J.: 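Here it is, the structure, as structure tokens.
Small disclaimer: the values here were computed from a predicted structure and weren't measured. Convention: sequence-line order gives letters A, B, ...; per-chain numbering from 1.
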2 protein chains.
Amino acid sequence: MQHATPSPAERPLRADARRNRRRLLDAAIALILELGGEPSRDAVAERAGVGIGTLYRHFPDRHSLLRAVALDVIDRTVERGEAALAESTSGGEALRRYLHDAVDSGLGVVNVVHALLDRTDWPDRRAAAQHVLDRLIDRARRDGAIDHDVTATDIALAAIRFCRPLAIGLDPAEERAIAHRQLAAYLDGLPVRLG
Amino acid sequence: MQHATPSPAERPLRADARRNRRRLLDAAIALILELGGEPSRDAVAERAGVGIGTLYRHFPDRHSLLRAVALDVIDRTVERGEAALAESTSGGEALRRYLHDAVDSGLGVVNVVHALLDRTDWPDRRAAAQHVLDRLIDRARRDGAIDHDVTATDIALAAIRFCRPLAIGLDPAEERAIAHRQLAAYLDGLPVRLG
DNA sequence: CTGTAAGCGGAGCAATATACTCCGTTTCAT
DNA sequence: ATGAAACGGAGTATATTGCTCCGCTTACAG
């Protein structure tokens with residue numbers, strides 16, 4: 001045990017491997033958002049412009065692709081949540097911005113994946129997401145932007161509803177535009193006005 | 001060609017056949033609402049407590065079950081829309097009632113089915129649904145309940161969004177309760193208050 | 001009560017879709 | 001230039017689903 005044997009995960013990926021991994025993730029996200037369900041492996045590989053062998057090398061078993069997709073999206077959402085918290089002038093504005101960002105960053109896939117995955121997966125990330133949301137709500141409350149009867153569950157469920165793809169054959173831009181419009185109206189209707 | 005040969009469709013179904021048909025429809029609706037997608041034939045038959053042969057006798061080809069489900073739900077929705085129009089004291093109230101009824105009567109399956117079916121199917125019913133919606137909006141506008149920039153498309157898309165199953169493993173009652181809460185907030189946030 | 005046609009169930013086969021492996025070829029990094 | 005890493009995709013195994021067929025059961029008219 002002289003020099004710690006570097007676990008294989010540590011070795012940096014070759015450039016093409018990193019690129020393909022990213023492509024697979026993006027393809028999977030796009031497909032899930034489009035069809036509102038789990039896409040077949042072959043479809044993901046084709047969409048990514050990559051061989052199936054490549055998909056299996058990066059994501060060997062049934063769940064690992066979905067897991068990776070969920071982590072990717074959650075991380076992005078948490079990051080944006082932090083930014084919203086840091087940069088917004090009011091709690092209401094931060095919360096509103098967070099939810100609109102969630103629509104844009106594809107949080108919808110997490111909902112879809114969530115249904116397919118064991119809840120015991122990635123407890124840490126879920127905790128991180130939960131934590132950001134809690135802080136957002138807390139601040140919005142302290143600023144008087146939302147009532148106390150608006151719970152974290154309400155917001156989480158709203159995120160699920162408004163981020164979920166309509167799966168009606170709309171193109172992604174239109175889909176997002178609609179989600180933003182509807183979300184805005186919903187937020188306007190929540191007890192007490194959001195900044 | 002003496003006495004007009006009665007087309008087979010005309011002969012009234014035997015009592016058990018009618019019961020089973022109804023069961024199949026209900027099972028299909030429940031399954032679609034639960035999993036947010038097309039259920040397998042076998043699953044529908046099992047849920048209905050009926051043999052697969054029976055399913056195929058009633059709905060011989062790929063689309064006929066889905067079509068029947070959609071017609072069933074649309075008819076119910078149109079009916080309720082008419083009632084809302086007839087019984088409500090204001091246009092805003094009628095529109096609000098219509099949307100909440102849509103959540104209850106499983107309009108969500110139409111969204112799901114819609115994506116799987118050819119749009120050229122059942123043009124008549126679609127027209128009927130469209131017509132009720134148009135009248136509801138027209139009346140709500142005349143009553144000053146909604147602005148002119150709230151279009152029929154907005155309302156239709158809202159119906160799609162709020163009726164769509166969350167497919168998160170909630171039981172149906174909870175699912176509906178959430179949809180009602182969210183819909184209410186959304187409606188409150190629409191330009192100009194609904195009666 | 002009885003006969004019979006309408007209806008039922010579900011085993012089982014065919015078709016399709018999906019998961020996953022394997023290995024010769026290509027690309028990257030040094 | 002060369003070895004290690006990664007790639008592609010044909011091909012096979014497996015699961016899923018769609019659908020048929022026919023012997024049995026049930027409704028209901030007479």
Side-chain angles (χ1 to χ4, degrees), chain A residues 5-28 30-32 34-69 112-113 115-118 167, chain B residues 3 5-28 30-32 34-69 112-113 115-118:
Chain A
T5 321
S7 92
E10 321 244 350
R11 184 197 301 285
L13 287 173
R14 231 169 68 175
D16 53 348
R18 205 165 40 245
R19 180 166 22 93
N20 282 334
R21 195 189 134 91
R22 190 64 252 166
R23 279 186 186 160
L24 283 164
L25 248 24
D26 289 339
L31 283 174
I32 291 173
E34 271 164 37
L35 50 84
E38 188 179 6
S40 78
R41 303 279 218 266
D42 290 25
V44 174
E46 192 188 344
R47 174 70 157 255
V50 136
I52 316 141
T54 300
L55 190 159
Y56 278 93
R57 198 165 322 101
H58 285 283
F59 306 103
D61 69 82
R62 196 156 197 343
H63 285 331
S64 59
L65 173 60
L66 293 176
R67 237 181 105 264
V69 163
V112 175
V113 168
L116 307 167
L117 241 44
D118 193 335
Chain B
H3 52 77
T5 321
S7 95
E10 321 244 349
R11 183 197 301 283
L13 288 173
R14 230 169 68 174
D16 51 349
R18 204 165 41 245
R19 179 164 25 90
N20 282 334
R21 195 190 134 90
R22 189 65 252 166
R23 279 185 186 161
L24 283 165
L25 248 26
D26 289 340
L31 283 174
I32 291 173
E34 271 163 38
L35 50 84
E38 188 179 7
S40 78
R41 304 279 220 263
D42 290 25
V44 173
E46 192 186 344
R47 173 69 157 258
V50 135
I52 316 139
T54 301
L55 189 160
Y56 279 92
R57 197 164 324 101
H58 285 284
F59 306 103
D61 69 83
R62 198 159 195 341
H63 285 331
S64 59
L65 173 60
L66 293 176
R67 238 181 104 264
V69 163
V112 175
V113 168
L116 307 167
L117 242 42
D118 194 335

J.: Side-chain N or O of Asn20(A) less than 4.0 angstrom from OP1 or OP2 on dA6(D)?
T.: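 No, because none of the side-chain N or O atoms of Asn20(A) sits under 4.0 Å from OP1 or OP2 of dA6(D).
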J.: How about CD on Glu46(A), more than 12 heavy atoms from neighbouring residues, nucleotides or ligands closer than 6.0 Å, or not?
T.: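 For Glu46(A), atom CD is not crowded (no more than 12 foreign heavy atoms under 6.0 Å).
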J.: Taking 4.0 Å as the cut-off, does a side-chain nitrogen or oxygen of His58(A) come that near to OP1 or OP2 on dC7(D)?
T.: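 His58(A) to dC7(D) OP1/OP2: side-chain N or O found under 4.0 Å.
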J.: Think Arg14(B) has a side-chain N or O under 4.0 angstrom from the OP1 or OP2 of dC28(D)?
T.: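 For dC28(D), OP1/OP2 do not have a side-chain N/O of Arg14(B) under 4.0 Å.
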J.: Give the minimum heavy-atom separation between Phe59(A) and Ala68(A), together with the two atoms involved.
T.: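 Where Phe59(A) meets Ala68(A) most closely, the heavy atoms are CE2-CB, 3.5 Å.
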J.: Roughly how far, to the nearest 0.5 Å, is the CZ atom of Arg47(B) from the CG atom of Leu55(B)?
T.: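 It is 14.0 Å, given to the nearest 0.5 Å.
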J.: Which nucleotide in the set dC19(D), dT21(C), dG7(C) lies at the smallest distance from any side-chain heavy atom of Arg57(B)?
T.: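 Between dC19(D), dT21(C), dG7(C), the one nearest the side chain of Arg57(B) would be dG7(C).
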J.: Rounded to whole Å, please give me the gap between CD1 in Ile52(B) and P in dG18(D).
T.: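 Between P of dG18(D) and CD1 of Ile52(B): 11 Å.
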J.: Output the rounded distance in Å from NE2 (His63(B)) to P (dC19(D)).
T.: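 Value for this atom pair: 10 Å.
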J.: Could you tell me the separation between the CZ atom of Arg23(A) and the C1' atom of dC7(D), rounded to a whole number of Å?
T.: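 In whole Å, dC7(D) C1' and Arg23(A) CZ are 12 Å from each other.
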J.: Judged by each residue's nearest nucleotide on DNA chain C, which is more toward the 5′ side, Arg19(A) or Val50(B)?
T.: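 Whichever sits nearer the 5' end wins; that is Val50(B).
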J.: Rounded to the Å, how far apart are Phe59(A) CZ and dC7(D) P?
T.: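 Roughly 11 Å, once rounded to whole Å.
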J.: Test side chain to side chain contact (heavy atoms under 4.5 Å, CB included) on Asn20(A) and Arg23(A) and set out the steps.
T.: CA-CA 5 Å; Asn20(A) 282 334; Arg23(A) 279 186 186 160; 3.7 Å; yes
J.: Is there a side-chain contact between Thr54(A) and the phosphate of dG8(D), meaning an N or O under 4.0 Å from OP1 or OP2?
T.: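 For dG8(D), OP1 or OP2 has a side-chain N or O of Thr54(A) closer than 4.0 Å.
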J.: Tell me: CG of Asp61(A) to P of dT18(C), nearest whole Å?
T.: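 That distance rounds to 19 Å.
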J.: With the side chain of Ala17(A) defined as its heavy atoms from C-beta on, choose the nearest nucleotide among dA6(D), dG7(C), dC28(C).
T.: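 Closest nucleotide among those given: dA6(D).
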J.: Mind calculating the distance between CG (Leu55(B)) and P (dT17(D)) to the nearest angstrom?
T.: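 These atoms are roughly 14 Å apart.
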J.: Whole-Å distance between dA10(D) P and Tyr56(A) OH?
T.: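 Computing the Tyr56(A):OH to dA10(D):P distance gives 15 Å.
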J.: Roughly how far, to the nearest 0.5 Å, is NE2 of His58(B) from CG of Leu25(B)?
T.: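 Nearest 0.5 Å value for the CG-NE2 distance: 10.0 Å.
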J.: Rounded to whole Å, please give me the gap between CZ in Arg41(B) and C1' in dA11(C).
T.: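 About 19 Å, once rounded to whole Å.
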J.: Taking only the side-chain heavy atoms of Ala15(B) (C-beta and beyond), determine which of dC7(D), dA19(C), dC28(D) contains the nearest atom.
T.: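 It is dC28(D).
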